[in-house]
Amino acid sequence: MKAIEAKIKHALENKGIKCQSVYRMPDLEDTRVVIAFNSKDNRRLSIRKIENALASLNVGEFKIPREFQRLSSAFLHLEITLGARTKKPVLPASM
């Protein structure tokens, strides 16, 4: 497992979130990571819990969609974009 995948998996485990797998998408433009969860082991899993776990990593800005995607009746997955800005930066007015 590569560094960012291992880092995410360990951060989730440290926060009590059982993660089935972490997979980095082979995309050169941005770093997207897909995280799969077993819904039976994570009955009270929320986006907020995942955001808190990722914020503890200090990997910079990231973007998480507001809902999980269901892979099957037992598995959920979530796609996260690392290095993304969630809000537009404030730019000084041009003169």
Side-chain angles (χ1 to χ4, degrees):
M1 192 181 302
K2 296 180 184 173
I4 192 69
E5 293 98 321
K7 199 172 186 182
I8 289 172
K9 189 163 186 165
H10 292 295
L12 292 171
E13 288 174 359
N14 288 340
K15 296 287 184 179
I17 301 170
K18 292 184 180 181
C19 172
Q20 252 345 84
S21 63
V22 179
Y23 177 73
R24 182 175 177 188
M25 301 295 287
D27 191 356
L28 298 175
E29 293 183 16
D30 59 339
T31 303
R32 292 183 302 143
V33 178
V34 175
I35 305 173
F37 305 95
N38 183 331
S39 59
K40 293 178 184 177
D41 293 333
N42 295 293
R43 294 197 187 274
R44 295 183 176 252
L45 185 62
S46 69
I47 300 293
R48 178 54 101 197
K49 286 182 181 180
I50 295 169
E51 285 177 337
N52 290 339
L54 292 177
S56 70
L57 290 175
N58 296 321
V59 293
E61 297 176 5
F62 54 89
K63 179 180 163 190
I64 300 178
R66 292 288 165 213
E67 68 277 339
F68 290 102
Q69 302 296 318
R70 188 162 289 280
L71 291 175
S72 69
S73 61
F75 291 97
L76 303 167
H77 87 275
L78 187 64
E79 184 176 316
I80 299 168
T81 304
L82 300 173
R85 293 185 180 263
T86 57
K87 296 180 183 176
K88 293 181 180 179
V90 177
L91 301 174
S94 58
M95 293 182 190

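Numbering of residues begins at 1 and proceeds along the displayed sequence.
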ask   = Between I47 and L78, does a side chain to side chain contact (heavy atoms under 4.5 Å, CB included) hold up when you go through it step by step?
value = CA-CA 9 Å; I47 300 293; L78 187 64; 3.8 Å; yes
[X] [atom1] to [Y] [atom2] distance, which is reported to the nearest 0.5 Å:
{"X": "S56", "Y": "N14", "atom1": "OG", "atom2": "CG", "value": "7.5 Å"}
{"X": "S21", "Y": "H77", "atom1": "OG", "atom2": "NE2", "value": "10.5 Å"}
{"X": "N52", "Y": "L57", "atom1": "CG", "atom2": "CG", "value": "11.5 Å"}
{"X": "T81", "Y": "M25", "atom1": "OG1", "atom2": "CE", "value": "10.0 Å"}
{"X": "K9", "Y": "Y23", "atom1": "NZ", "atom2": "OH", "value": "15.0 Å"}
{"X": "K7", "Y": "L54", "atom1": "NZ", "atom2": "CG", "value": "11.0 Å"}

request  = Carefully, step by step, assess I50 and F37 under the rule side chain to side chain contact (heavy atoms under 4.5 Å, CB included).
outcome  = CA-CA 11 Å; I50 295 169; F37 305 95; 3.6 Å; yes
task = Please check if the side chain of K49 supplies one atom and the backbone of G16 the other of a donor-acceptor pair under 3.5 Å.
result = no
request  = For E13, enumerate each residue passing the salt bridge (Lys or Arg N to Asp or Glu O under 4.0 Å) test, keeping only those at least two apart in sequence or located in another chain.
outcome  = none
inquiry  = Please find the pair of heavy atoms, one from A53 and one from A11, that lie closest to each other, and give the distance.
reply    = O-CB, 4.0 Å
key: Smallest separation among heavy atoms of I80 and F62, with atom names   = CG2-CB, 4.2 Å
ask   = Does the distance from a Lys or Arg side-chain N to an Asp or Glu carboxylate O, for R32 and E5, drop under 4.0 Å?
value =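 E5 and R32: not salt-bridged.
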query = Which pairs with one or both residues in residues 14-26 pass salt bridge (charged side-chain N to carboxylate O under 4.0 Å, His left out), sequence neighbours excluded?
reply =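 Of all non-adjacent pairs touching residues 14-26, none passes salt bridge (charged side-chain N to carboxylate O under 4.0 Å, His left out).
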